[in-house]
Amino acid sequence: MTKGAQRPKYNPQEIEKKWQKRWEETGLYRTVEDPSRPKHYALTMLPYTSGDLHIGHWYAMAPSDARARFMRMNGYNVFFPIGFDAFGLPAENAAIQHGIHPKKWTMDNIERMRKQLRSMGAMWAWDREAITCLPGYYKWTQWFFLKFYEHGLAYRAKAAVDFCPKCNTTLAREQVWGEDRHCERCGTPVIKKELEQWFFRITDYAEELLEGLDKIDWPERVKTMQRNWIGRSEGANVVFRSEQDDPIEVFTTRPDTLWGATFMVLAPEHPLVDKLTTPENRQAVQDYKYQAARQSEIDRLSTEKEKTGVFIGAYAINPVNGERIPIWIADYVLMTYGTGAIMAVPSHDERDFEFALKYGLPIIPVIDRPDGLAKSLVPEKHVREGFTEALKRAGIAFEKREGSFYITLKGDEQLDEYVKLAQEHVHPKGWIEVAGRGWQFIFADQVLTLDSVASDQAILAKLQQAGDKAASQARTTMELLYGREWYRDVLFHAEYGTMIHSGEFSGTPGDKAKEAVTKWLEEKEIGHFQVTYRLHDWLISRQRYWGAPIPIIYCEKCGVVPVPYEDLPVLLPDDAKFSPTGESPLKYHEGFVNTTCPKCGGPAKRETDTMDTFVCSSWYQYAYISPYYEGDVPFDPEKGKYWLPVDQYTGGIEHATMHLLYTRFFTKVMRDIGLVDFDEPMLHLFNQGIILGEDNEKMSKSRGNVVNPDDYVQTLGADSVRAFLMFIGPWDEGGSWSSTGIEGIFRFINRVWSVVLDPREAPKEKASDKEIADLLRTMHKTIKTVTNDFQNFKFNTALAALMKFNNYLIKAKETNVYATEAWDEAIRNLILMLAPIMPHVTEELWERIGGPYSVHTQSWPKYDEELARDEVITLVVQVNGRVRARLQVPADIPEDEAKKAALEQPNVRRHIAGKEIVKEIYVPGRLVNIVVR
RNA sequence: GCCGAAGUGGCGGAAUGGGAUACGCGGUGGUCUCAAAAACCACUGGAGAUUUUCUCCGUGUGGGUUCGAAUCCCACCUUCGGCACCA
C-alpha cells in the first residue's frame, strides 16, 4: 500500500467554505435566461420560516439539489430557486409571548436559515429569492384577490369558526385542545361562531381539477388523494314536500332506491328545521341542535360513535309513491354537502340501515340481491309432513337442527320452486318466511310480501295473530328478521341490482335503473340529474394580523368596494399592538381600519381579515421568475415564457390535497385571465419520504431523537450529510438516521480522496489490453447505472454503484493501469458523477487534477453500450431450478455449446444421473436449466 | 371502517420471473503500534456433512401458477401513511 503522508488531508470545513465563497464570487449559480439552451425549472417546496433548518429540510432539499445539478450537467439551463413562506401563526405567537414583532421574528429567522441553507452548498438561485411577507410580494397576493373578485371567484358568506368567547378570538384547529375542545390559552370551552368570511370559488374548477390529473406525471398516490378530496359523485336532486307543502330538496346517488325511502333526515342546521318542528318536539330538537353544534366536524363524522337523531314531528311525502314518511334530524347529515338533506333508504344504505334499526323505522327492500341468495328458517311445527322429502326432491340445500330447517336458496328457479313447495306444505297454524330475496311470508290462506310500509305492519300483525312472541316485540318486520342470527348476512346490501317493489319500475335491471329513474324524474319535474362534489369552496379569511390583508373596503353608501389596483399594496401597519388573547390587532388599529371609499370618497372601513398563507404559496413558483416585480402583472411575462411551467416539483406528501390542489386552481384561473398559456403548474412531481430518528421513530423533542444537521456539517462536512441522506434508502420511502452510517460515508469520501490524490510510483510494466478493457467496461457500466438511477431519483443505488466503482479503482490502482489514459478518464468520471451529490469535495478534487473551473459546468459522462458489454459471463447451471454449477463462458456462447458445457459439469452429472432429461431451458447470457424426472 | 404502501441477514437496504442478501453499518479475527484510536486486510444468514467442496433450510404466514417465485395470483397476519358517516 502506498503511503500518503505527503498528500493533503481531506478537510471538509476548509474546502466547503472555500468553494461556497468562490461560487458566490464567480456567480456560478446566477440565473440567466438563455433561449439557446433547453430550460429545466426544478422546484422544491419553500420552507416556512420556523427559525432553524432541521434535518427534514436537508432531506427534502439536498437530493433535489443533486437532481437539479444532474440536469444542469446534462445540458439544461436549470432554474432552482429558493424563498420563504413567511406569514403565519407562529410569528404572531412569538409577538404575543416574547414581545417580538412578527416581522422582526420572521426576518431574523430568515437570516439564520439563509446561513444554514448556504452551508448545504446547493445551487440555489439566490438572485431570485422571494419572501411572501414583504410588501413587494403580498402586493401581488392582493392583486390576485382583486382579480378573483373581479371574475366572480371571490365572495363573502357566513361560515362557522371555532371561537373562544373569553379571548374573543378565532381559533385554528391546532389551538383547540382536548376531548372537551377548550382554548389552548385560557381553557375556556370553544364555541362555534358564524362570521362573514371570504371564499375562493374553487368548486367552479372541480371538474377541470379532476380531469387535469390525467395529464400530469404525478405519483398515483397523490392523484388518488386529490380525486377522493374532490369527491365527484353523480346522482339526482329530488324534491320531496312536507305535509305543509314546503319543498325539501335532497341529493341522492341512488335514485333507483327512491321507493325504499321510508324517512328523511335533515342536517340539524337545515333552515327548514325550525319551521317544521312541532311544538311537542321543540325542546328535544333544540337540545340536539346544540350538542351537534358543539362538536367538531371530525367528531361529528366519526364512524366510531353510534348514530343519533331526533324526530321533529313532521312528515314529508315521498313523491314517487305518495308514502307519508317521518322527518328526522341527525348529525351524520352535513349542511355542507349536497343539499343538507337526505332521503333515507335503510334497505340499501348502511348508515340509514343502522339508524332505522335503532329507531324502529321501517325498512323496505327495493333492490334485488345480485348474488341471488335467499334464506328461510322454518320451525318443524310450521310445516306438514313430507316437507323434508319435498326439499330433497327439489334439490334444495338445507340443514336441520334443534327442530328447525335452515334453508339456503340460490337463484330465481330455486326461489320460485321453494315458494310453491312452501305453499303446499305450510301448516294451517304456521307460516314460512323467505328473506334476502322474495321477502315473502307464506301462510296457509295468504302470501304477504314485504314491499311497502303498509305491508310491513300487516305482516307483523299477522305474525302476532299466529302467536309469534318476537313479532309482538318487534317494531318492524326487518327488526324481527334481524333478531334471527341466520338471516343477518342477507338482510342488507348496497349494490346495484334489479328494482323490486317500485311500481312501474319493478323489473328494471341494475345497470339501467339509475338512468331510467333519473330520466323519469326529469319528465315528471320532481327531480333532475345532479353532480355533487365533496370539495368545498376555499375559506381564505383569517382573523389574524400576520398575513396579507384582504384588499376590500366597506362603505356605508357603496357597500363592498375593492381597493383600486393602483392603491396596492394595502400595507400591514408596523405599529400594531398585540393582545395576549391573540385577537387580531388590525381590528383596533384606527389608522388601518378607517379609510375613505375609493368610489364616493366618504368615510369607510377596511376589511381586517388577512389571507390564508396557502394563498401566498399558491403562486410562489411564478414570483420566483422575477421577485417583487414592478410591472403591471405579477411576474415578468418574457422570463415566464422561458421558464414556465415547473418541470420538476419535489416535496412532502402532506401537501397532497391542500397546497397542491390550490396551486393547480390558481394556475387555471391565471390561464383564464391570460397570465399563462398552460393548464397545469407542475408537470412532474416527486414526493420524498420522512426521515426518522436513530430509533426508527419520528423525530421529536420529547423523544430526544432530533438530529441537528449543523453539528454534522461542522464535524464531517455538508458533503457527508448530503450523501448520507441520499444513501439511506429510496428517497420516496424515507428512512432512519444513523450516526455510524454517516461515518461510513465520510470514510468513503476519504477513500475517493486518496484514490484520486495519493501518489504512486509509475508502474513498471505497460498495462495489457485486457486490463484496460476491463477498466473501461467497469467505468461504462457504472456510468450507465448511475445515469439511470439519477433519472429515476434512485440516489441510494447510484451511490452504491459509485462506491463499488471506487472499490474497484482502489484495487486497479495497484496494477499497471495506473496513470494510463483510461485511468485518468475513470478518475475524471468518478469525480463528475459524484459532483451532484457532494459538490464541494468534487470541486476541490477536480481542481487538484487540473480540471477547468467548475466541475459543475462540465458535461455528464456518456456511456458506450459496446464498451459496457461483458465479454465473459458466469453461466448458471440449474437442475430442476436449483443451482448446481457456475462456469465462466464467453458472453456470446451459442445455445448448444452452453448446454453441452452445462451437461459436462461433474456436479450437474451427479444430479441428473439415472434420470430422464425432460427439457433444457436456456436463457442467453444467464443460465441453463435442465429439467429431469 | 375504507384507500394506499410496505414486510428480505444483527441493522439501513439491493435484486420486480432466472445466481437471494449488492452497497453501507455493526460484529469477529488480523496487520501497524509500547499501547490505544484511526487506517488497512480477511471473514461475517442458519444448520449439517464424508469440511479447499457439497447438501438442506431461509425473503411476514398458508396455499397456488411456473422448468424456475423475494418478484405473479388467492387468502390471512403485522407495520406505516392517508382519508373519515359524502347521501
Side-chain angles (χ1 to χ4, degrees), chain A residues 1 4 219-222 224-225 227-229 231-233 235 250-254 257 261 265 267 297-298 300-305 307 330-334 336-345 348-352 354-355 532-535 653-654 656-657 689-690 692 694 696 698 724 727-730 732-745 747-748 750-751 754 794 796-807 810 873-886 906-907 910-911 918-923 925-933:
Chain A
M1 199 59 212
E220 257 335 293
R221 253 193 323 165
V222 175
T224 305
M225 279 193 234
R227 283 190 192 106
N228 293 342
W229 189 264
R232 181 186 201 274
S233 47
V250 303
F251 171 69
T252 176
T253 51
R254 293 296 301 272
T257 64
V265 186
E297 192 141 311
I298 303 238
R300 226 171 114 163
L301 303 183
S302 164
T303 35
E304 308 280 287
K305 91 178 183 189
K307 302 201 179 349
D331 57 13
Y332 76 90
V333 175
L334 302 175
T336 48
Y337 183 78
T339 59
I342 62 160
M343 63 174 201
V345 183
H348 304 291
D349 180 287
E350 210 172 341
R351 292 151 306 159
D352 297 345
E354 200 187 310
F355 194 85
T532 294
Y533 300 93
R534 197 192 89 109
L535 183 72
I653 188 85
E654 68 273 18
T657 44
I690 297 168
L692 302 172
E694 194 130 22
N696 274 321
K698 245 188 194 151
F724 180 62
F727 186 63
I728 287 175
D732 51 342
E733 286 171 32
S736 34
W737 182 261
S738 161
S739 49
T740 48
I742 190 171
E743 280 172 34
I745 291 287
R747 280 198 285 270
F748 166 61
N750 274 287
R751 282 196 293 270
S754 94
K794 302 192 81 181
N796 57 328
T797 46
L799 254 167
L802 288 163
M803 287 174 175
K804 205 172 167 180
F805 185 45
N806 192 52
N807 291 345
I810 288 169
I873 55 141
T874 308
L875 186 73
V876 171
V877 185
Q878 300 179 331
V879 177
N880 286 350
R882 312 197 65 139
V883 180
R884 298 302 176 190
R886 297 184 169 102
N907 199 37
R910 212 164 56 233
H911 280 94
V918 188
K919 209 177 187 182
E920 285 169 8
I921 288 146
Y922 176 62
V923 182
R926 289 214 78 104
L927 62 73
V928 174
N929 186 14
I930 298 153
V931 186
V932 296
R933 202 160 37 201

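Note on naming: letters A, B, ... go to the chains in the order of the sequence lines (proteins, then strands), and numbering restarts at 1 for each one. These numbers come from a predicted model, not from an experiment.
Note: CD1 (A/Ile930) to C1' (B/G18) measures 14 Å, nearest angstrom. Distance, A/His911 NE2 to B/C54 P: 10 Å, rounded to whole Å. For A/Arg227 and B/C83, the CZ to P distance is 17 Å, given to the nearest whole Å. The distance from atom CZ of A/Arg882 to atom C1' of B/U66 is 16 Å, rounded to the nearest whole Å. Atom CD1 of A/Ile745 is separated from atom C1' of B/C25 by 10 Å (rounded to the nearest Å). In this entry the distance linking CG of A/Asn696 with P of B/C80 reads 12 Å, nearest Å. Rounded to an integer number of Å, the gap from CZ of A/Arg884 to P of B/G19 is 15 Å. Atom P of nucleotide B/C25 and atom CG of A/Leu799 are separated by 13 Å, given to the nearest angstrom.
Nucleotide B/U55 is matched to B/A47 when pairs are restricted to Watson-Crick or G-U wobble geometry with both distances under 3.5 angstrom. In this structure, B/U78 and B/A6 make a Watson-Crick or G-U wobble pair, each of the two defining distances being under 3.5 angstrom. The partner of B/C40 is B/G30, judged by Watson-Crick or G-U wobble contacts that both fall below 3.5 Å. Base pairing annotation: B/C83 forms a Watson-Crick or G-U wobble pair with B/G1, both donor-acceptor distances under 3.5 Å. When Watson-Crick and G-U wobble pairs are counted only if both distances are under 3.5 Å, B/G24 pairs with B/C11. In this structure B/A35 sits in no base pair that meets the Watson-Crick or G-U test at under 3.5 Å.
The residue A/Ile728 sits close only to the backbone: its heavy atoms come under 4.0 Å of sugar-phosphate atoms, none of a base. The residue A/His348 sits apart from the nucleic acid: no heavy atom pair falls under 4.0 Å. Note on A/Asn796: only backbone sugar-phosphate atoms sit closer than 4.0 angstrom, heavy atoms only; bases stay farther off.
By the 4.5 Å heavy-atom criterion applied to side chains, A/Leu692 and A/Lys698 are counted as neighbours.
Phosphate contact (OP1/OP2 of B/A22, side-chain N/O of A/Lys794, threshold under 4.0 Å): absent. Residue A/Asn228 has no polar side-chain atom (N or O) positioned under 4.0 Å from OP1 or OP2 of B/C2. OP1 or OP2 of B/G68 has not a single side-chain nitrogen or oxygen of A/Arg926 nearer than 4.0 Å.
The shortest non-hydrogen separation linking A/Ala330 to A/Phe355 is CB-CE1, 3.9 Å. Across all their heavy atoms, A/Ile873 and A/Arg926 have their closest contact at CD1-N, 4.3 Å. Nearest heavy atoms, A/Met343 versus A/Arg254: CE-O, 3.7 Å.
Ring-centre distance between A/Phe727 and A/Phe748: not below the 6.0 Å cut-off.
Base orientation of B/G9: syn, the glycosidic angle falling within 90° of 0.
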